[in-house]
Structure formats: structure tokens, C-alpha cells
Participant: 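Below: one structure in C-alpha cells.
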Amino acid sequence: MDARLGSKLHIVTLGGLVVVLFVVLSILAPSSYPTVRNIVSMAAQMAPIGILALCIALTFLIGGIDLSIVAVANAAAIAAAMTMGALEPRTGVAPALLVGVVAALAVGVVAGVINGTLISYLRVHPIPITLGTLGLFTGVATGVTDGSTVYGTGSLRFLGRGTLAGVPVSFLLFALLVAALAFMTTRTRFGFRIYAIGASEKVSRFARMDVERAQVTTYIVSGVLASVAGLVMFAGTNAANVSFGSSFLIQAILVAVLSGVDTYGGRGRIALVILAVAAMQQVQTGINMALGRWSGANFAAEFGWGVLLIAVLGLSQRLGGDGTRRAGWRFWDRGRGADTSGGGTGVRPEQSVDVV
């Protein structure tokens with residue numbers, strides 16, 4: 001299992017990057033950057049992107065990807081806003097809040113079932129199918145709202161803007177989800193199956209693992225996490241719209257890749273997402289500081305994320321931790337008969353599959 005978690009050097013490297021970025025930015029802006037107010041603000045901004053990155057990292061581990069997460073997050077936020085707005089005048093804050101949160105999470109479950117079923121049982125490739133469901137979920141949400149912004153009642157404000165002991169509630173929720181997923185993927189039978197299927201779906205089927213069930217469950221978890229991210233986004237702005245978070249998908253993928261989770265599947269540490277998103281947030285803050293009040297700052301930032309994602313993906317796919325070249329994205333063949341460098345097993349030489 002330790003080999004599947006990747007090199008420990010990556011932990012040191014990523015932690016060192018966070019420290020170096022903090023020191024450099026503190027030197028460049030000593031009066032504004034290393035302040036409690038700025039650190040709290042960055043922590044709050046890390047939460048939604050970090051939770052979405054957990055969705056990407058988890059689906060990476062099983063050899064897939066979920067490109068519909070931002071659409072699911074927005075749909076969940078809209079569901080929560082409309083539900084709470086309709087119920088609160090009649091039932092009061094607490095019941096409306098409870099039903100609204102359940103409605104948002106239900107959106108994530110339904111989205112996960114749709115994605116997981118199409119990918120696993122119908123054997124459809126995850127990139128086109130989640131691109132398709134991205135359009136599907138966005139279209140449904142647009143039809144329900146007519147493309148307009150839905151505003152909330154403010155009852156979720158504590159999740160987006162509240163603090164506990166000076167730490168944003170949203171960041172605490174993100175950290176809790178990281179810990180829960182890290183435990184699930186490394187300490188449970190289901191987690192071992194995720195790694196095994198990600199390493200080789202073909203071998204996992206030979207080992208009589210219930211591959212379809214594991215894949216559907218993984219995408220359901222991804223959908224629920226996306227819904228939670230949507231609730232955090234909604235809580236922070238008290239508004240929901242199908243167009244919110246347009247750049248979050250690129251950032252979430254970049255965070256997942258930076259965390260060391262292998263896009264081939266079957267290797268990486270979910271826990272490192274928290275360090276990767278901390279590094280990314282500091283880069284974002286650095287861009288904002290450098291560009292100042294320039295009107296094109298947001299466009300420049302999105303351009304930068306795209307370039308950085310291409311560069312990091314290219315490097316991570318071509319060079320492994322041991323310096324060996326890799327062939328390309330893991331789930332183009334998904335281990336369904338294609339003979340790979342693992343001696344005809346569909347497993348990379350540095351990986352092994354345990355039957356759990």
C-alpha cells in the first residue's frame with residue numbers, strides 16, 4: 001500500500017513549496033500578505049476549490065475523471081437556494097435549512113449515479129460522458145432558473161463566512177473532508193479496491209472484484225462532494241447561478257495533479273490535496289498582487305491556470321517519480337484488453353494489485 005501512496009519526497013517538496021511561497025510573498029508585501037486577516041481570507045477561499053479537487057483526485061484514483069463537478073455544484077446550490085427560499089417563510093429557518101441541504105446533497109447523489117452508471121455499466125469513457133453530463137446538469141439548472149441568479153435567505157451564512165477560534169468554518173469543513181477521504185482510501189476495504197481498480201481494471205475483474213459497484217460508489221461520493229462545494233460557494237455569496245465558478249474546474253484538476261495523485265489511477269495521497277490547494281491559493285494571491293487593479297486580471301489568471309495545467313500534466317505524465325517515461329493518460333485503454341508495460345496485465349511495472 002505504501003508504494004501506491006507515492007514518493008514521500010513529494011510530501012516534502014509540496015510542503016517546501018508552500019513555505020517558500022509564503023516567505024517570498026511575505027517579503028514582497030510585508031504589510032498586507034503575512035497578516036491574520038489575509039491568511040483567514042485565503043483559507044476561506046481555499047475551501048470550495050479544495051473540495052472540488054477532492055472530487056477530481058478521488059476519480060483519478062479509480063482511473064477516471066469527473067468533469068461535471070462545477071455544474072453539479074451550481075445545480076446543488078440552486079436547489080438549496082430555491083428550497084430554502086420557498087420553505088423558510090412557512091416552516092422557519094431550521095427546517096428549511098435542513099431540507100435545503102438535503103436537496104443539495106440529493107442533487108449530488110443523482111449526478112453521481114448517472115455518471116457512475118454510464119461509465120461503469122455501459123462502459124462509456126469518463127471524459128466524454130462527464131462532459132455530456134456537465135451540459136445536461138447545466139441545461140437543467142438553466143431551465144429551472146431561466147439563467148437568472150437565485151438569492152438565498154442568508155441562513156447558511158455561517159458556513160461561508162463564519163469562524164471557529166479564528167478559523168473559517170468552510171476551511172474546517174474542507175479539512176474534515178480531507179481527513180475522512182484519506183482514511184477511507186487508505187484504511188478501508190473500499191479504499192483498497194479503488195487503488196486496485198485504478199491500477200488495473202482488467203486485473204481487478206479477474207480477481208472478481210465488483211468493479212461496477214466500486215465505480216458507481218466513487219462517482220456518487222464525487223457528486224456529494226461537489227454538492228458540498230456548491231453549498232460552500234452559495235453560503236459565501238448568498239447567491240447561486242449556473243455560470244458561477246467557471247474557472248474552478250481547471251484549478252481543481254491542477255490541484256489534484258499537484259497533490260501527486262496519478263492521472264493513470266491507482267496511486268497518490270488524497271491528504272496532499274490540502275497542501276496543493278494552499279500552494280495554489282498563494283499563487284492566486286500573488287497574481288492578484290502583481291496585476292493589482294488591472295481590468296484584465298481575471299482573464300490573465302485563467303490563462304495562467306490553463307498554461308500551468310498543461311505544463312504540469314505534461315510533465316507528470318511523461319516523467320514518473322523514478323524518472324521513467326509514461327505512455328499517456330491511463331484510462332484511454334482502461335485495462336480492457338490492451339496490453340501495457342506490465343507484462344500483459346494492464347499494470348504499470350511499479351504497481352501491484354492486492355486482492356481485497
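If you're wondering where the values come from, they're calculated on a predicted model, not measured in any experiment.
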Participant: Is Met46 linked to Leu164 within one hydrophobic cluster, defined over Ile, Leu, Val, Met, Phe, Trp and Tyr using a side-chain heavy-atom separation of less than 4.5 Å?
Facilitator: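 Yes: a chain of side-chain contacts under 4.5 Å links Met46 to Leu164.
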Participant: I would like to know whether Val221 and Leu181 meet side-chain contact (heavy atoms from CB on, under 4.5 Å); could you show each step before the answer?
Facilitator: CA-CA 10 Å; Val221 174; Leu181 283 182; 4.2 Å; yes
Participant: Same cluster or not: Leu225 versus Val109, using hydrophobic residues (I, L, V, M, F, W, Y) connected whenever any side-chain heavy atoms lie under 4.5 Å apart?
Facilitator: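 Yes, Leu225 and Val109 fall within the same hydrophobic cluster.
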Participant: Would you name the heavy atoms of Val273 and Ala53 that are closest together and state the gap between them?
Facilitator: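 That closest heavy-atom pairing would be CG1-CB, 4.0 Å.
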Participant: For the side chain of Gln282 and the backbone of Val18, is there at least one donor-acceptor N/O pair under 3.5 Å apart?
Facilitator: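 Pair found, side chain donor or acceptor close to backbone of Val18.
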Participant: Measure across Tyr195 and Gly268 and return the closest heavy-atom pair with its distance rounded to 0.1 Å.
Facilitator: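 Taking Tyr195 first and Gly268 second, the nearest heavy atoms are OH-O, 2.6 Å.
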Participant: Check whether any side-chain heavy atom of Val242 lies under 4.5 Å from a side-chain heavy atom of Phe244, and answer yes or no.
Facilitator: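 Heavy-atom side-chain distance check fails, nothing below 4.5 Å.
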Participant: What pair of heavy atoms forms the shortest contact from Leu231 to Ala80, and how long is it?
Facilitator: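 What the structure gives for the nearest pair is CD2-CB, 3.7 Å.
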Participant: What's the separation between atom CZ in Arg157 and atom CG in Asn238, rounded to the nearest 0.5 Å?
Facilitator: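 Nearest 0.5 Å value for the CZ-CG distance: 5.5 Å.
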Participant: Heavy atoms only: give me the nearest Ala229-Pro48 pair and the separation to one decimal.
Facilitator: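 Heavy atoms only, the tightest pair is CB-O, 3.9 Å.
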Participant: Does the pair Ile78 and Met82 meet the rule for a side-chain contact (heavy atoms from CB on, under 4.5 Å), with working shown?
Facilitator: CA-CA 6 Å; Ile78 289 169; Met82 296 182 71; 3.7 Å; yes
Participant: Find the distance between CZ (Arg161) and OG (Ser170) and round it off to the nearest 0.5 Å.
Facilitator: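 Arg161 CZ to Ser170 OG: 11.5 Å, rounded to 0.5 Å.
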Participant: Picking from Ile69, Asp66, Val232, what satisfies side-chain contact (heavy atoms from CB on, under 4.5 Å) with Leu52?
Facilitator: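 That would be Ile69; it is the only one of Ile69, Asp66, Val232 passing the side-chain contact (heavy atoms from CB on, under 4.5 Å) with Leu52.
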Participant: Is there a continuous path of hydrophobic side-chain contacts, each under 4.5 Å between heavy atoms, that joins Leu177 to Leu156?
Facilitator: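 In one cluster with Leu177: Leu156, yes.
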Participant: Could you tell me the separation between the OG1 atom of Thr13 and the CG atom of Leu258, rounded to the nearest 0.5 Å?
Facilitator: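 So the gap between those two atoms works out to 12.0 Å.
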Participant: Going by heavy atoms in the side chains, are Leu249 and Ile56 under 4.5 Å from each other?
Facilitator: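 Leu249 vs Ile56: side chains touch.
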Participant: Once you round to the nearest 0.5 Å, how far does OG1 of Thr218 lie from CE of Met184?
Facilitator: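 So the OG1 of Thr218 and the CE of Met184 are separated by 6.5 Å.
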Participant: Taking the side chain as C-beta and beyond, is there a heavy-atom pair between Met280 and Ile49 under 4.5 Å?
Facilitator: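 A side-chain contact is absent here, since even the closest heavy-atom pair is not under 4.5 Å.
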Participant: Keeping Ser41 on the side-chain end and Arg37 on the backbone end, is there a donor-acceptor pair under 3.5 Å?
Facilitator: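 A pair under 3.5 Å: no.
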Participant: Taking the side chain as C-beta and beyond, is there a heavy-atom pair between Ile253 and Gln251 under 4.5 Å?
Facilitator: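 No, every pair of side-chain atoms sits at 4.5 Å or beyond.
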Participant: Could you check if a side-chain atom of Leu159 sits within less than 4.5 angstrom of a side-chain atom of Phe234, using non-hydrogen atoms only?
Facilitator: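 Contact flag for Leu159/Phe234 side chains = no.
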Participant: Before giving the answer on side-chain hydrogen bond (donor to acceptor under 3.5 Å, both in side chains), spell out for Glu201 and Gln215 the whole-Å C-alpha distance, their side-chain angles and the decisive distance to 0.1 Å.
Facilitator: CA-CA 10 Å; Glu201 183 179 319; Gln215 289 174 331; 3.2 Å; yes
Participant: Backbone N or O of Gly223 within a donor-acceptor pair of the Ser227 side chain at under 3.5 Å?
Facilitator: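 Yes; judged by distance alone, with no hydrogens or angles, the pair exists.
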Participant: Indicate, with yes or no, if the rings of Phe22 and Tyr33 have centres closer together than 6.0 Å.
Facilitator: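 Yes, ring centres under 6.0 Å apart.
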Participant: If you measure from CG on Asn38 to OG on Ser26, what distance do you get to the nearest 0.5 Å?
Facilitator: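 Between Asn38 CG and Ser26 OG, I get 9.0 Å after rounding to 0.5 Å.
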Participant: Report yes if some heavy atom in the side chain of Ile270 is under 4.5 Å from a heavy atom in the side chain of Leu61; otherwise report no.
Facilitator: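 With C-beta onward as the side chain, the pair touches.
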Participant: Are Val167 and Leu173 connected in the hydrophobic side-chain network, where two residues link if heavy atoms are under 4.5 Å apart?
Facilitator: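 Val167 clusters together with Leu173.
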Participant: Verify the distance criterion only: is there a donor paired with an acceptor across the side chains of Ser243 and Asn241 at less than 3.5 Å?
Facilitator: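 Per modelled atom types, Ser243 and Asn241 side chains form a pair under 3.5 Å.
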Participant: Considering non-hydrogen atoms only, spot the tightest contact between Ala235 and Gly160 and give its length.
Facilitator: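 What the structure gives for the nearest pair is CB-N, 3.4 Å.
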Participant: What I'd like to find out is whether the side chain of Arg205 reaches to under 4.5 Å of the side chain of Lys202, using heavy atoms alone.
Facilitator: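 Heavy-atom side-chain distance check fails, nothing below 4.5 Å.
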Participant: Between Thr133 (side chain only) and Leu136 (backbone N and O only), is there a donor and an acceptor less than 3.5 Å apart?
Facilitator: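 Here the side-chain-to-backbone pair does not exist.
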Participant: Determine whether a donor-acceptor pair (N or O, by modelled atom type, separation under 3.5 Å) exists between the side chain of Arg267 and the backbone of Asp262.
Facilitator: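 Checked: no pair found.
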Participant: Indicate the atoms forming the closest heavy-atom contact of Phe174 with Ile274, along with that distance.
Facilitator: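 For Phe174 and Ile274, the tightest heavy-atom pair comes out as CE2-CG1, 3.7 Å.
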Participant: Can a donor-acceptor pair be found, under 3.5 Å and without considering hydrogens, that links the side chain of Tyr219 to the backbone of Ile65?
Facilitator: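 Confirmed, Tyr219 side chain pairs with Ile65 backbone.
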Participant: In this structure, are over 12 heavy atoms from other groups packed under 6.0 Å from Phe158 atom CZ?
Facilitator: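 Buried by this count: over 12 neighbours within 6.0 Å.
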Participant: So, does Ser68 use its side chain to make a donor-acceptor pair with the main chain of Ala71 at under 3.5 Å?
Facilitator: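 No, because the side chain of Ser68 does not come within donor-acceptor range (under 3.5 Å) of the backbone of Ala71.
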Participant: Okay, side chain of Thr237, backbone of Met233: is any donor-acceptor separation there less than 3.5 Å?
Facilitator: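 Looks like yes, one N/O pair under 3.5 Å.
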Participant: List the steps and the verdict of side-chain contact (heavy atoms from CB on, under 4.5 Å) for Glu88 and Ser155.
Facilitator: CA-CA 9 Å; Glu88 193 165 312; Ser155 53; 3.6 Å; yes
Participant: Does any N or O in the side chain of Ser259 come within less than 3.5 Å of the main-chain N or O of Ala256, such that one atom is a donor and the other an acceptor?
Facilitator: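 A pair under 3.5 Å: yes.
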Participant: Considering only heavy atoms from C-beta outward, does the side chain of Arg269 approach that of Val261 to under 4.5 Å?
Facilitator: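 SC-SC contact between Arg269 and Val261 ruled out.
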Participant: Any luck finding a side-chain donor-acceptor pair between Thr130 and Asn115 under 3.5 Å?
Facilitator: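 Their side chains do not contain a donor-acceptor pair, so the 3.5 Å distance test is not met.
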Participant: If hydrophobic clusters are built by linking Ile, Leu, Val, Met, Phe, Trp and Tyr wherever their side-chain heavy atoms come under 4.5 Å apart, do Ile250 and Phe60 end up in the same one?
Facilitator: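 Yes, Ile250 connects to Phe60 through the hydrophobic network.
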Participant: Just by modelled atom types, is the Ile114 backbone N or O under 3.5 Å from a matching donor or acceptor in the Thr117 side chain?
Facilitator: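 Not confirmed, Thr117 side chain does not pair with Ile114 backbone.
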Participant: Distance from Ile51 atom CD1 to Phe248 atom CZ, nearest 0.5 Å?
Facilitator: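 Answer rounded to 0.5 Å: 11.0 Å.
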Participant: Just wondering, are more than 12 heavy atoms of other shown residues or ligands nearer than 6.0 Å to OH in Tyr121?
Facilitator: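 Yes, because the 6.0 Å sphere around OH of Tyr121 holds more than 12 heavy atoms from other groups.
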Participant: Given the rule in the side-chain contact (heavy atoms from CB on, under 4.5 Å) test, do Leu58 and Ile194 qualify, once you have shown the distances and angles that lead to the verdict?
Facilitator: CA-CA 9 Å; Leu58 186 64; Ile194 288 177; 4.1 Å; yes
